[in-house]
Amino acid sequence: MSFAAGLRQALQLRQSDVAAELRRGDSLEEILSRHLLTVEQMSDDEILTSVLLLSPDGKRLTHGAAPSLPKPYVDAIDGSEIGPSAGSCGTAAYLGRPVYVTDIATDPLWAAYRDLALPHGLRSCWSTPIRHADGHLMGTFAIYHRSLSGPTRAELGAIDVIADNVAQAITRARNPTPGMHVSDVLPRQVAALQALATAISQQAPSLDAEGQEAVEAVVENSRKLAEIVQRYLAEPETAED
């Protein structure tokens with residue numbers, strides 16, 4: 001299974017938890033930080049990620065979430081103006097397209113910001129606009145590396161998946177659906193669990209007998225859970241009939 005496919009399944013699981021997190025009062029930063037930590041933990045390389053949110057006047061980017069970036073750097077760029085030469089994120093927001101800077105030390109887009117980034121060991125930064133379903137810009141998603149690096153084709157696919165999931169999380173946090181019921185959330189959670197169980201089962205041949213038995217149990221139990229949930233959701237309809 002590709003990195004992008006695995007990441008998509010992991011973020012689907014994360015997305016299914018957002019409604020419950022909003023109901024218990026978690027902040028948008030806390031929710032987005034969990035998304036970003038999921039991304040960072042799944043990467044084969046060390047990456048540091050961030051989300052910046054476009055200000056209401058459309059002129060600045062403010063802090064959204066950055067669970068692993070140094071706080072002095074996060075504070076320094078909070079509220080930075082967007083523009084044609086405003087680092088990776090400010091430029092991506094201004095142009096409305098991805099900006100992949102492979103060397104912060106030499107790229108002219110970072111002339112005004114490299115002295116903020118380089119002391120913290122940040123050497124490359126790829127930024128992608130985050131858009132609402134209707135197309136309007138909400139902010140940017142960025143991946144930093146401590147080495148000179150450009151995205152591979154697989155990573156470009158993964159970035160699109162991440163940006164879409166972050167956009168959904170921001171939308172739900174800003175416009176929570178009133179009356180969200182377990183019947184709206186539970187089927188998506190179970191479907192995501194089944195997808196993850198299926199992905200795990202593909203790796204079963206590389207495990208020993210005990211590991212394969214455990215994987216089989218996970219797959220079978222996720223199937224049983226799906227059947228139980230379907231019966232549970234059907235019961236109210238049957239009762240009304």
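Worth knowing before you read on, the calculation uses all heavy atoms, side chains too, and leaves out hydrogens, waters and symmetry mates.
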In the structure I gave you, are the side-chain heavy atoms of [X] and [Y] within less than 4.5 Å of one another anywhere?
{"X": "Lys59", "Y": "Ile82", "value": "no"}
{"X": "Arg97", "Y": "Thr128", "value": "no"}
{"X": "Thr102", "Y": "Leu148", "value": "no"}
{"X": "Leu54", "Y": "Met138", "value": "no"}
{"X": "Pro129", "Y": "Pro98", "value": "yes"}
{"X": "Asp78", "Y": "Val74", "value": "no"}
{"X": "Leu37", "Y": "Arg34", "value": "no"}

Joint hydrophobic cluster, Val39 plus Leu32, side-chain heavy atoms closer than 4.5 Å: yes

Hphob cluster co-occupancy, Ile77 + Ile104, side-chain heavy atoms under 4.5 angstrom: yes

Trp110 vs Ser88, side chain to side chain contact (heavy atoms under 4.5 Å, CB included): CA-CA, chis, key distance, verdict: CA-CA 7 Å; Trp110 277 82; Ser88 299; 2.9 Å; yes

Where at least one partner belongs to residues 136-175, residue pairs that pass ring-ring contact (aromatic ring centres under 6.0 Å, His included), sequence neighbours excluded: Tyr73-Tyr144, Trp126-His145, His132-His136

Pairwise ring-ring contact (aromatic ring centres under 6.0 Å, His included) hits with a residue in residues 196-223, at least two apart: none

Would you check if the side chain of [X] reaches a backbone N or O of [Y] as a donor-acceptor pair within less than 3.5 Å?
{"X": "Arg174", "Y": "Leu28", "value": "no"}
{"X": "Arg146", "Y": "His120", "value": "yes"}
{"X": "Arg114", "Y": "Asp107", "value": "yes"}

More than 12 heavy atoms of other groups within 6.0 Å of Glu213 CD: no

